[in-house]
J.: 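Pasting in a structure now, in C-alpha cells, and then I'll have a few things to ask.
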Number of protein chains: 2
Amino acid sequence: MAETAEKQEALSKTRLRLWLKLLKSVNGIEAEIRRNLRDQHGTTLPRFDVMSALARFPDGLKMSELSTFLKVSNGNVTGIVDKLTEEGLVLRVAVPGDRRAQVARLTPKGRTAFEELAAHHESWIDELLEGWSADDIAALSSRLDLVLKRQSQEESGNAK
Amino acid sequence: MAETAEKQEALSKTRLRLWLKLLKSVNGIEAEIRRNLRDQHGTTLPRFDVMSALARFPDGLKMSELSTFLKVSNGNVTGIVDKLTEEGLVLRVAVPGDRRAQVARLTPKGRTAFEELAAHHESWIDELLEGWSADDIAALSSRLDLVLKRQSQEESGNAK
DNA sequence: GATTTTTATTTCAAGCCTAAAATTTCAAGC
DNA sequence: GCTTGAAATTTTAGGCTTGAAATAAAAATC
C-alpha cells in the first residue's frame with residue numbers, strides 16, 4: 001500500500017502545523033502555571049519540579065539522580081537545591097559510605113508546602129483542560145506513547 | 001446529568017497525568033530540535049523562531065510586532081536581532097515617518113539560510129511524529145483548539 | 001599500595017529570558 | 001509652540017539553563 005508522494009508531502013505539512021499548534025498550546029499552559037506559581041505562591045516552576053521529584057522519593061534522591069530524573073544539568077539542580085535548602089524546604093543528607101554523594105530530601109515543612117502546591121497545580125490543569133473527556137485523553141495518550149517510545153529508544157542509542 | 005464527585009476527581013487525576021505526559025513529549029521533541037539546530041546548523045531555537053516570523057512577513061516586522069508575535073519580551077528580541085544583524089541574516093530598516101521605530105527584515109542571505117533550516121525542521125517533525133495519521137492529527141487539533149480558545153479569551157481579559 | 005580511571009558534585013562562563021527603568025520620539029491638548 | 005502623556009525601543013539587573021572545567025572521592029588496575 002504505497003502512498004503517493006503527494007500525500008506524504010501533505011501529511012508532512014499537516015504534522016508540522018499540528019506541532020506548531022501543540023507547542024503554542026503547551027507553552028500557553030506552562031506560562032499560566034508559571035504565572036500562578038509566582039503570583040499565588042511566590043515560587044517558580046523549576047522549584048516546583050524539584051520538590052515534586054523529591055516528593056515521589058521519600059528517602060531522597062542523589063543530586064545526580066535528581067538531575068537525570070528531571071532531565072536538566074547537574075549544575076542546574078545544585079542551584080535550585082541550594083535555594084530550597086536555605087529556605088528549609090529541602091535537606092542535604094550525607095550518603096553513608098560515599099563522601100562524594102549527597103541525598104536531597106524534602107523536610108516536613110517542604111512536604112507540607114509541596115502538598116499545598118500540588119493540590120493547586122492539579123486544579124489549574126483541570127481547568128486548563130476543561131472539555132477534555134476521558135476518551136479524548138485516552139486517544140491522545142496512546143499517540144503520545146508513540147512519541148515517548150521513540151524518545152526512549154533514541155536515548156538508549158545515545159548512551160555512552 | 002450530574003456526574004458524581006468521584007468521577008470528577010478521577011477525571012482531574014487523569015487530566016493531570018495526561019498533562020505530565022504531554023509536557024514530557026513536547027519537551028523531548030523540542031530538545032531534539034534544539035540539538036539538531038545546534039549540531040547540524042550551529043544555531044538556536046530562538047534564532048530560528050525570529051527568522052521564521054520574519055520569513056512570514058517579507059515586508060518585515062517592527063521590533064514590538066516581533067516580540068508580540070513570538071510572545072517574548074521586547075528586550076529579548078533586541079538581543080537576538082542584534083546577533084542576526086551582525087551575521088548579515090537580518091536587516092534593521094528605519095520606518096519612514098517614525099524615527100522611534102525600526103523594521104527587522106530578512107536579508108536575501110537570511111532568507112536562503114531560513115529556507116534551508118525550515119526544510120530540515122519540517123523533516124525532523126515529520127520523523128518525530130511518525131505514526132500520526134491525518135485522522136489522529138485532526139482529532140488532536142480540535143482538542144487543542146479548546147485550549148487555545150481559552151488562552152485567547154484569557155489574554156483579552158488581561159488586556160490593559 | 002600507587003596510579004589511573006571513573007563517579008559525584010560544584011563552579012564557571014556564556015546565552016536566554018523577563019520585568020522594570022531609561023531614552024528617544026511622537027501626538028494631543030492647551 | 002509648550003507641555004504632558006503615550007509609544008517604540010534599548011538597557012539593565014537578576015534568575016534560569018547549559019556545557020565544560022575543576023574538585024574531590026571512590027574504584028579499578030597494575
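Just so it is clear, the values below take in all heavy atoms, side chains as well, and ignore hydrogens, waters and symmetry mates. Each chain gets a letter, A, B and so on, in the order the sequences are listed, and its residues count up from 1.
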J.: What dot-bracket string describes DNA chain C from 5' to 3', counting Watson-Crick and G-U wobble pairs whose defining distances are under 3.5 Å, with [ ] for crossing pairs and | for pairs to another strand?
T.: ||||||||||||||||||||||||||||||
J.: Under the side chain to side chain contact (heavy atoms under 4.5 Å, CB included) rule, collect the residues that match up with B:Arg38, sequence neighbours excluded.
T.: B:Arg35
J.: With sequence neighbours excluded, tell me which residues meet salt bridge (charged side-chain N to carboxylate O under 4.0 Å, His left out) with A:Asp136.
T.: B:Arg143
J.: Counting only pairs under 3.5 Å, give me each side-chain donor-acceptor contact of residues 96-105 of chain B, with atom names and distances, residues two or more places apart or in other chains.
T.:
unit_1: B:Asp98; atom_1: OD1; unit_2: B:Arg100; atom_2: N; d: 3.0
unit_1: B:Asp98; atom_1: OD1; unit_2: B:Arg100; atom_2: NE; d: 3.1
unit_1: B:Asp98; atom_1: OD2; unit_2: B:Arg100; atom_2: NH2; d: 3.1
unit_1: B:Arg105; atom_1: NE; unit_2: B:Pro58; atom_2: O; d: 3.2
unit_1: B:Arg105; atom_1: NH2; unit_2: B:Pro58; atom_2: O; d: 3.0

J.: Indicate every side-chain donor-acceptor pair of residues 108-121 of chain A with a distance under 3.5 Å to a residue at least two apart or in another chain.
T.:
unit_1: A:Lys109; atom_1: NZ; unit_2: A:Glu87; atom_2: O; d: 3.0
unit_1: A:Thr112; atom_1: OG1; unit_2: A:Pro108; atom_2: O; d: 3.0
unit_1: A:His120; atom_1: ND1; unit_2: A:His41; atom_2: NE2; d: 3.0

J.: Would you find more than 12 non-hydrogen atoms of other residues, nucleotides or ligands less than 6.0 Å from A:Lys24 atom NZ?
T.: no
J.: Taking protein heavy atoms under 4.0 Å as touching, what does nucleotides 8-21 of chain D look like 5' to 3' if B marks base contact, S marks sugar-phosphate-only contact and - marks none?
T.: SBBB----SSBS--
J.: Quick one: salt bridge (charged side-chain N to carboxylate O under 4.0 Å, His left out) partners of A:Glu127, sequence neighbours excluded?
T.: none
J.: Please collect all side-chain hydrogen bond (donor to acceptor under 3.5 Å, both in side chains) contacts where either partner lies in residues 10-20 of chain B, sequence neighbours excluded, each pair once.
T.: A:Glu122-B:Ser12, A:Glu122-B:Lys13, A:Asp126-B:Arg15
J.: Salt bridge (charged side-chain N to carboxylate O under 4.0 Å, His left out) with A:Lys149: which residues, sequence neighbours excluded?
T.: none
J.: OP1 or OP2 of D:dA26 versus the side-chain N and O atoms of A:Arg99: is any pair under 4.0 Å?
T.: yes
J.: What is the first contacted nucleotide of DNA chain C and what is the last, in 5' to 3' order, if contact means an atom lying under 4.0 angstrom from a heavy atom of chain A?
T.: C:dT7 to C:dT11
J.: Could you list the residues that satisfy side chain to side chain donor-acceptor pair (under 3.5 Å) with A:Asn27, not counting sequence neighbours?
T.: none
J.: Which pairs count as side-chain hydrogen bond (donor to acceptor under 3.5 Å, both in side chains) when at least one residue sits in residues 53-70 of chain A, sequence neighbours excluded?
T.: A:Ser67-A:Asn74
